[in-house]
Amino acid sequence: MSRNAPPVAARSAIALAGFPVLAGLQLAAVLLLLWAVLSVLPSAVALRAGVPLSIATVGALGYETWRALHTRRRTPAGVAVTRRQAPKLWELIDGAAAAAGVRPPDGVTVVADATAALGERTRVLGLIGGRRDLYLGLPLLQALPPARLRAVVAHELAHGSPKLGRWAPLAYRGRVAVGRTAPRISRRNPAGAVLRAYARFYRRMDAPFSRAQELAADRIAADHAGVADAVAALRDLPALAGMQRLFHAEYLGPGWQAGYVPDDVFGGLLRVLAARSVEMSMLRAAEPEPSGPWDTHPPLAERVAALTPRPSPVAAAASSASDAASDAATASVGASSSATKEPASSETVSEEPETVSEEPETVSEEPEAVSEEPEAAAEEKPAEPDEELVPDLPALGRALQAVAFPPRGRTVVSWDECLSFARTTEMEREAEAALAAISRASDAAVPDAAHLLTLVADGRLRAAAGAVFPDTSPEEITARIVDLLGLMLALAALRGGVARWRHSWTGAAEVVAVDGANLNLAELAAAAADPETAEAVRTYLTENGFDLAARADRRASARARVLGGLVNLSADGTRTDLLITDLGLLLVPGLPRGRGVEAKRRLTRIAADGVPAGAEPPAEPDSDQEVRRFVPFADVAGVTVLPGRRKGWVLGLRDGGNLSLRPALDADELPGGWAAWEEAVTFLAGTR
């Protein structure tokens with residue numbers, strides 16, 4: 001992309017400037033309409049009505065326009081790394097900045113996610129630049145070789161490179177700012193409709209340049225770090241992000257919700273990366289999904305193809321002639337018995353012209369560098385650091401863990417303890433839900449495995465299971481009973497100390513005997529499901545140390561998993577904020593109108609601290625927190641959707657009461673809040 005011919009970048013920058021212009025025109029149009037209305041009114045009436053009408057129209061619209069165009073930038077939690085602390089890392093960054101033709105970032109912050117991003121504190125939707133900070137994910141420092149990390153950093157810094165055109169830095173800043181702001185413009189914002197429509201127009205105008213800019217940034221990274229490492233980095237980043245999602249879902253997340261934190265979070269991620277090389281290879285080979293409509297990256301295959309040189313027609317013809325000559329030579333030797341061993345070597349010979357044939361295309365593009373290109377390439381590629389980029393990476397990981405994963409009342413334990421507690425808690429939650437349903441169906445309390453075996457022996461468990469699953473065949477009911485008994489027996493074994501968890505970084509954990517021997521709980525569960533043998537199984541289990549009467553250990557540090565949040569609802573006529581968790585709904589007294597931003601920040605903080613599972617949230621002094629209300633899903637008997645322009649919902653509770661919810665006019669959400677609420681309503685309507 002030429003510096004002197006950047007029409008696409010200039011068009012993108014001009015389209016960006018249209019946002020404040022459009023906002024001003026919208027305000028001017030409303031002001032003109034207000035003036036027209038006041039001009040036809042009698043003077044006395046116009047004087048009395050002018051101020052309130054101006055506040056109600058121009059003032060309100062101006063405030064909503066400011067809200068639409070002003071989005072507070074969230075700074076990722078991380079640990080700043082100075083030049084003194086990691087000189088080799090900064091040396092790598094300085095080299096990438098020089099290759100991109102930009103000044104080095106003002107700061108470097110190591111963050112928890114497997115990502116790399118250049119953040120800039122811009123104003124007016126990116127029209128005015130500011131401080132630039134490079135955010136590097138610790139997983140990248142752990143897993144990527146220096147050459148690939150060099151390519152990643154060069155690509156990020158090249159987004160703002162003037163090598164891509166005079167308007168390129170401004171266009172890129174604007175695209176990032178608009179992409180962050182436009183999706184957050186509320187549909188209830190009266191100033192938002194026009195701005196959202198213009199955002200869609202801007203995205204179409206900017207798309208050609210943003211695509212070209214990404215490809216150009218890839219080329220700068222390849223020239224700086226080498227094509228092979230640049231291509232490998234393109235595949236590594238989405239693969240690492242995918243493995244980190246798997247790590248959080250299967251290892252870190254369950255323990256976090258159970259109220260425990262491993263003492264070495266990022267060390268566990270390294271173990272997963274080392275143990276799951278097959279999954280990593282599969283992710284590297286897969287095409288990553290676009291992150292959203294504002295994602296500017298072309299498909300991975302297109303980016304890789306743009307970096308991979310292809311042989312020119314002349315070189316291809318030379319390669320064909322060389323192949324033909326090689327085939328003829330092979331055929332002339334093929335009469336001897338040893339010719340059967342030649343194809344491997346002849347194949348190797350025939351591949352060499354293809355490697356050579358890649359150079360003429362490069363030569364034809366830059367004839368002035370024909371004779372110097374091989375030596376220049378060898379000289380320009382930076383040497384690999386002879387020591388680690390960050391001197392004490394484990395210490396950095398521990399410092400980052402304290403910032404990114406603060407315990408907030410959770411217990412810090414070893415990885416083995418964390419995984420054990422997490423799996424046990426998951427089983428306890430599943431067992432509690434099943435036992436609650438059986439208790440309601442049988443009109444008797446069934447709190448543990450001992451009571452469950454009593455129901456089996458009396459023949460009442462099958463009837464209760466049939467009531468819980470009315471449309472299920474007898475064979476499926478038997479299977480469900482066996483599964484429930486297997487779950488309860490596993491918990492009884494763990495609580496009795498006759499079993500433990502055996503964990504694996506490559507697969508699912510399993511319950512084994514204390515000495516590591518296999519526990520055949522499936523056969524015991526099948527025998528326990530038969531009324532004729534249930535008591536014999538009870539005797540056997542009791543004699544062998546199974547604690548059939550033990551109940552779930554409700555730990556104060558256990559947390560419900562927050563799925564989303566809604567701000568400014570009406571709950572039974574009272575202004576309320578709402579957190580949706582996997583166990584129920586947390587209702588928080590709302591703040592007065594006009595404090596919506598503060599309410600969102602408060603609800604975000606409550607979600608980050610965690611909602612205690614099965615217990616009342618702790619109260620804070622001098623606050624209204626003590627009147628928070630948690631409604632477990634198990635206490636909801638049904639849900640009714642109220643019709644109307646502002647849809648509402650009535651939750652029928654098992655104690656006979658009701659909870660009515662409606663969105664207020666200024667209702668808002670935490671990211672994913674409404675989607676989580678709709679899923680919760682669907683769940684409650686379909687399972688009650």
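Atom set for the values below is all heavy atoms of this structure, side chains included, hydrogens, waters and symmetry mates excluded.
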- Message: Regarding E428 and R495, does a basic nitrogen lie under 4.0 Å from an acidic carboxylate oxygen?
- Response: yes
- Message: Tell me whether the count of non-hydrogen atoms from other residues, nucleotides or ligands lying under 6.0 Å of CD in E532 goes above 12.
- Response: no
- Message: Would you compute the distance between atom CG of L485 and atom CD1 of I481 and round it to the nearest 0.5 angstrom?
- Response: 7.5 Å
- Is any side-chain N of the basic residue among R284 and D236 closer than 4.0 Å to the acidic one's carboxylate O? yes
- Query: Any side-chain heavy atom of L541 within less than 4.5 Å of one from L489?
  - Reply: yes
- Using the side chain to side chain contact (heavy atoms under 4.5 Å, CB included) rule, pick out the option among L587, L579, L585, L583 that qualifies with F630. L583
- Query: Going from CG on L566 to OG1 on T576, what distance comes out if it is rounded to the nearest 0.5 angstrom?
  - Reply: 11.5 Å
- salt_bridge(R429, E432) N-O dist < 4.0 Å: no
- Residue pair L578 / L603, side-chain heavy-atom distance below 4.5 Å: no
- Item | Which residues share a ring-ring contact (aromatic ring centres under 6.0 Å, His included) with W505, sequence neighbours left out | Y251, W415
- Cation-pi, W649 ring and R662 (6.0 angstrom, 45 degrees): no
- Salt-bridge contact R235-E287 (side-chain N to carboxylate O under 4.0 Å): no
- Query: About how many Å separate CG of N544 and CG of L519, when rounded to the nearest 0.5 Å?
  - Reply: 10.0 Å
- Exactly one candidate in L273, L396, L393 meets side chain to side chain contact (heavy atoms under 4.5 Å, CB included) with Q142; the answer is L393
- Among all residues two or more places apart in sequence or in another chain, which pass the side chain to side chain donor-acceptor pair (under 3.5 Å) test with S420? H503
- Using 4.0 Å as the upper bound for N to carboxylate O, is an ion pair formed by E535 and R538? yes
- Does any donor atom in the side chain of T478 or R462 lie under 3.5 Å from an acceptor atom in the other side chain? yes
- Measure the spacing between CD1 of I438 and CG of D443 and express it to the nearest 0.5 Å. 12.0 Å
- Message: Salt bridge check, R398 against D263: does any charged N sit closer than 4.0 Å to a carboxylate O?
- Response: no
